[in-house]
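Data first, discussion second: the structure below is written as structure tokens.
These values consider heavy atoms only, across backbone and side chains, with no hydrogens, waters or symmetry-generated copies.
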Protein chains: 2
Amino acid sequence: MVVDQLTPDQADRVFHALADRTRRDIVRRVLGGEASVSALGRQYPMSLTAVQKHVAVLELAGLVTKTRRGREQIVRADLDPVRRATALLDQFEALWRARMDRMGDLLAEPEQGATK
Amino acid sequence: MVVDQLTPDQADRVFHALADRTRRDIVRRVLGGEASVSALGRQYPMSLTAVQKHVAVLELAGLVTKTRRGREQIVRADLDPVRRATALLDQFEALWRARMDRMGDLLAEPEQGATK
DNA sequence: CTGATCTACAACCATCTGGTTGTTGATTAC
DNA sequence: GTAATCAACAACCAGATGGTTGTAGATCAG
């Protein structure tokens with residue numbers, strides 16, 4: 001398996017980070033190409049400090065990394081946690097299908113006599 | 001397209017709902033088979049009221065539905081919002097690949113003369 | 001050197017979150 | 001009928017969240 005699971009704590013942070021419109025938009029933006037914190041700040045109708053905090057939340061979730069370049073702080077996206085979150089959701093899908101299979105088995109069983 | 005997008009508000013609710021261990025566990029549990037609220041309540045080291053609230057959050061996100069059966073309230077999972085969330089994450093993946101393609105184009109270009 | 005830019009950080013605030021206890025109302029079991 | 005079970009709801013609480021303003025440290029441009 002290429003992408004392994006998120007720990008529960010990581011999942012908490014990743015999903016929480018994605019549970020905010022502004023943060024999802026920041027992720028989209030830096031996925032399309034890196035950006036400085038101040039450049040991001042200019043894109044949203046809120047203070048730069050607020051955007052800094054959003055970036056910090058994304059950073060804590062591992063969705064984004066910051067590296068200094070001169071006086072600017074460059075924000076880049078990391079897709080790994082996104083892939084792991086997707087894997088977690090796919091696991092839900094698998095649970096669902098497992099249940100469907102079990103129900104199919106039941107329906108396929110001879111009506112009266114129990115299987116054992 | 002079979003699964004269309006989540007609205008930003010729905011995405012807020014779905015990701016927020018998934019940003020809690022107990023709630024993710026409840027989703028897993030009811031994906032494996034429906035359960036009453038009180039049965040769920042017995043599974044976690046917290047009050048029934050707390051579990052009721054978690055179920056309510058999941059319900060608001062559309063991840064789960066409740067239906068009465070006698071004095072019990074049966075909780076069932078709905079995978080649709082999960083699939084839509086997955087689609088949103090896949091869209092991130094697509095943005096990433098689009099950038100990779102653009103970078104590839106740049107590298108493939110003749111070094112000096114601009115493209116236009 | 002001086003001023004503008006980019007960032008960090010502290011303090012504050014209103015609201016939301018995740019939990020609690022206690023009360024009440026249906027429904028089921030005896 | 002009475003008691004137990006299941007669920008809803010109100011009220012409360014500590015802590016997190018998402019925002020603000022203000023101050024201050026680096027770095028860059030003139």
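Put simply, the residue from B:Thr22, B:Leu48, B:Val51 that forms a side chain to side chain contact (heavy atoms under 4.5 Å, CB included) with B:Leu40 is B:Val51. With A:Leu31 as reference, A:Leu79 is the one residue of A:Leu63, A:Ile26, A:Leu79 to meet the side chain to side chain contact (heavy atoms under 4.5 Å, CB included) rule.
The pair A:Asp20-A:Arg24 does not meet the salt-bridge criterion, since no charged nitrogen lies less than 4.0 angstrom from a carboxylate oxygen. Between A:Arg21 and A:Asp25, no side-chain nitrogen of the basic residue sits less than 4.0 Å from a carboxylate oxygen of the acidic one, so the salt-bridge criterion is not met. Ion pairing of A:Glu34 with B:Arg99 is absent here, as no side-chain N (NZ or NE/NH1/NH2) approaches a carboxylate O to less than 4.0 Å.
For DNA chain C, no neighbouring residue in residues 9-20 of chain A is found when judged by any heavy atom under 4.0 Å. Residues from residues 53-67 of chain A lying near DNA chain C, meaning a heavy-atom separation below 4.0 Å, are A:Lys53, A:Lys66 in numerical order. Sorted by residue number, the members of residues 29-52 of chain B with any non-hydrogen atom under 4.0 Å from DNA chain C read B:Met46, B:Ser47, B:Thr49, B:Ala50.
Not a single donor-acceptor pair under 3.5 Å links the side chain of A:Ser38 to the backbone N or O of A:Gly41.
Annotation: the span from A:Thr86 atom OG1 to A:Gln91 atom CD amounts to 12.5 Å, rounded to 0.5 Å. The line from CG of A:Leu89 to CD of A:Glu93 is 9.5 Å long, rounded to the nearest 0.5 Å.
Nearest heavy atom pair, residue B:Ala17 against residue B:Leu58, reads CB-CD2, 4.0 Å.
The side-chain heavy atoms of B:Phe15 and B:Leu88, taken from C-beta on, include a pair separated by under 4.5 Å. No side-chain heavy atom of A:Gln10 sits under 4.5 Å from any side-chain heavy atom of A:Leu60. Using a 4.5 Å cut-off on side-chain heavy atoms (C-beta onward), B:Arg83 and A:Phe92 make no contact. The shortest side-chain heavy-atom distance between B:Arg76 and B:Ile74 falls under the 4.5 Å cut-off.
Comparing the start and finish of the helix from C:dC1-D:dG30 to C:dC30-D:dG1, five pairs each, the helix axis swings through 20°, to the nearest 10 degrees.
Backbone-only engagement by B:Arg23 is indicated by non-hydrogen atom pairs under 4.0 Å involving sugar-phosphate atoms exclusively.
Using modelled atom types and a 3.5 Å distance limit, the side chains of B:Arg29 and B:Gln43 yield a donor-acceptor pair.
What separates CD of A:Glu72 from C1' of C:dT7 is a distance of 10 Å, to the nearest Å. Going from atom CZ of B:Arg21 over to atom P of C:dG19 covers 10 Å, rounded to whole Å.
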Pairs: protein N or O with nucleotides 23-30 of chain D N or O, under 3.5 Å:
unit_1 : atom_1 : unit_2  : atom_2 : d
D:dT27 : O2     : A:Arg71 : NH1    : 3.4

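Screening residues 49-66 of chain A for side chain to side chain donor-acceptor pair (under 3.5 Å) gives A:Arg23-A:His54 as the qualifying pairs, with residues at least two apart or on separate chains.
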